[in-house]
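Since the structure comes first, as structure tokens, the remarks are kept for the end.
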Amino acid sequence: MSQEQPRREDNQEGIKYGDVFNVQGDLTNKKVAPVDAAMMQKAENAVLGKTQKGGAAAAMQSAATKNEKGGVVGHNDMSNVAADGGVSVTETDLSGRQVISESVGGQVVEQFSQKAPLNTMTPTSLVQDMGVGGGGAEITIGEALEATALTAGEKAVEWSDAAAIQAAEVRATGRTNIVPGGVAAAAQSAATLNARVTKDEDKTKLADILADATSKLPSDRAATRRDAEGVTGAEMRNDPNLTTHPGGVSASVAAAARLNQTNNN
């Protein structure tokens with residue numbers, strides 16, 4: 001029997017995304033599920049350091065709780081849009097303020113701004129400091145992976161990291177399978193070995209895998225918002241707490257995508 005998260009997609013009444021947020025398409029008629037809300041809460045905690053008052057997570061949690069009490073969803077239910085399209089929280093730096101965008105299934109459900117913290121070395125600033133994407137060139141997925149070696153290089157490789165790296169490699173190369181001897185294969189091997197190692201100092205770190213990521217990719221391309229959402233979703237789905245690592249793989253790809261979008265506007 002499949003061990004995947006249960007998904008209830010019948011036509012029973014309940015609070016749907018269209019009842020809570022200004023969304024379009026299939027998402028409008030999907031019921032807000034408990035696991036969706038938990039994923040958004042974890043994403044907010046990872047990016048913002050807390051659950052945002054009045055944010056998407058709070059609204060989703062309220063709707064999911066009512067749906068569960070009404071019997072239209074189960075406690076472990078996840079909508080297919082969240083499972084397939086991911087749940088993400090991204091930051092964009094604009095003139096001293098951070099614009100926070102919260103998305104479900106690739107659609108922005110909530111957006112707000114706050115004053116940017118001072119003297120922070122974000123993945124975005126590190127990508128800029130590395131000089132990648134210089135001269136008007138767009139920042140590639142491979143370059144974003146290499147930036148992760150600086151933002152989270154001392155982090156031991158886990159399954160969530162390996163999943164995010166694989167998602168990034170697939171998007172960079174356009175292949176459906178991982179590249180033999182590539183960064184994804186190395187990350188999977190490292191995650192497998194690290195699971196058997198007890199001492200942190202003996203574990204393979206992200207810097208060991210990603211320091212020269214571009215040279216291990218047979219092809220590469222500029223990072224986009226959809227790439228960032230896909231990589232974020234892969235990392236969250238494979239994390240036991242359904243969250244992403246600050247400054248990790250998905251954060252660096254998201255930073256590259258934001259810079260590319262800003263430079264193209």
Side-chain angles (χ1 to χ4, degrees), residues 1-7 34-36 38-47 49 75-76 78 82-89 123 126 141-173 175-218 227-255:
M1 181 178 296
S2 174
Q3 298 299 311
E4 292 184 352
Q5 293 280 9
R7 304 180 191 175
V35 174
D36 299 16
M39 291 172 68
M40 182 61 78
Q41 183 177 2
K42 293 295 183 182
E44 284 188 358
N45 287 335
V47 175
H75 183 67
N76 294 319
M78 178 194 301
D84 298 335
V87 172
S88 64
V89 176
L126 272 172
I141 294 172
E143 289 170 334
L145 291 177
E146 290 186 350
T148 309
L150 297 178
T151 59
E154 292 304 308
K155 180 184 184 297
V157 181
E158 300 177 299
W159 288 114
S160 57
D161 303 311
I165 292 169
Q166 179 178 345
E169 182 185 87
V170 166
R171 284 161 175 76
T173 63
R175 300 186 180 188
T176 57
N177 59 322
I178 64 175
V179 178
V183 286
Q188 289 183 353
S189 177
T192 301
L193 292 173
N194 284 350
R196 303 169 186 168
V197 176
T198 56
K199 294 183 179 181
D200 286 343
E201 58 266 30
D202 295 332
K203 294 183 178 181
T204 303
K205 307 298 193 296
L206 282 173
D208 300 324
I209 304 297
L210 299 176
D212 56 349
T214 54
S215 67
K216 297 178 182 178
L217 293 172
D227 296 327
E229 290 172 348
V231 174
T232 297
E235 185 171 336
M236 290 180 67
R237 286 194 298 272
N238 287 274
D239 184 272
N241 295 315
L242 296 175
T243 189
T244 60
H245 183 77
V249 177
S250 61
S252 293
V253 175

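Sequence positions, counted from 1, serve as the residue numbers for this chain. Please read these numbers as outputs of a predicted model, since none were measured by experiment.
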For this session: List the atom of Ser252, the atom of Ala144, and the distance in Å for their closest heavy-atom pair.
Result: CB-O, 3.4 Å

Problem set entry | Sequence neighbours excluded, every pair satisfying side chain to side chain donor-acceptor pair (under 3.5 Å) that has a member inside residues 156-170 | Lys155-Glu158, Lys155-Asp161, Gln166-Gln188

For this session: Write out all pairs satisfying salt bridge (charged side-chain N to carboxylate O under 4.0 Å, His left out) with one or both partners inside residues 233-242, taking only residues at least two apart or from two chains.
Result: none

Exercise. Is there a side-chain contact between Val170 and Thr176 (heavy atoms, below 4.5 Å)?
Worked result: no

Exercise. Do the non-hydrogen side-chain atoms of Leu217 and Thr173 ever get within less than 4.5 Å of each other?
Worked result: yes

For this session: List in chain and number order the residues that pass salt bridge (Lys or Arg N to Asp or Glu O under 4.0 Å) with Lys42, two or more places apart in sequence or in another chain; answer none if no residue qualifies.
Result: none

Seminar exercise, completed: Applying salt bridge (Lys or Arg N to Asp or Glu O under 4.0 Å) to Asp36 and not counting sequence neighbours gives none

Exercise. Just wondering, do Thr151 and Leu206 contact through their side chains at under 4.5 Å, heavy atoms?
Worked result: no

Seminar exercise, completed: Closest non-hydrogen atoms of Ala187 and Val157, given as atom of the first, atom of the second and distance, are O-CG1, 3.6 Å

Seminar exercise, completed: Sequence neighbours excluded, the answer for salt bridge (Lys or Arg N to Asp or Glu O under 4.0 Å) partners of Asp200 is Lys203

Problem set entry | Heavy-atom pair of closest approach, residues Val87 and Ala82 | CG2-CB, 3.9 Å

Exercise. Mind checking what makes salt bridge (Lys or Arg N to Asp or Glu O under 4.0 Å) contact with Glu44, not counting sequence neighbours?
Worked result: none

Exercise. By side-chain hydrogen bond (donor to acceptor under 3.5 Å, both in side chains), which residues pair with Thr214, not counting sequence neighbours?
Worked result: Glu146

Exercise. Residues in side-chain hydrogen bond (donor to acceptor under 3.5 Å, both in side chains) with Asn45, at least two apart?
Worked result: Thr51

Exercise. Taking the side chain as C-beta and beyond, is there a heavy-atom pair between Val89 and Thr244 under 4.5 Å?
Worked result: no

Problem set entry | Partners passing side-chain contact (heavy atoms from CB on, under 4.5 Å) against Ala185 (at least two apart in sequence or in another chain) | Ile178

Seminar exercise, completed: Residue set satisfying side-chain contact (heavy atoms from CB on, under 4.5 Å) with Asp202, at least two apart, ordered chain then number -> Val197, Lys199

Exercise. How far apart are the closest heavy atoms of Ala168 and Leu145, and which atoms are they?
Worked result: CB-CD2, 4.0 Å

Seminar exercise, completed: Note: Thr232 and Ser88 closest approach over all heavy atoms is CG2-CB, 3.9 Å

Exercise. Should the heavy atoms of other residues, nucleotides or ligands under 6.0 Å from CD of Glu154 be counted, would the total exceed 12?
Worked result: no

Exercise. For Ala190 and Ile209, which heavy atoms make the closest approach, and how far apart are they?
Worked result: CB-CD1, 4.1 Å

Exercise. If you round to the nearest 0.5 Å, how far is CD1 of Ile141 from CG of Asp227?
Worked result: 4.0 Å

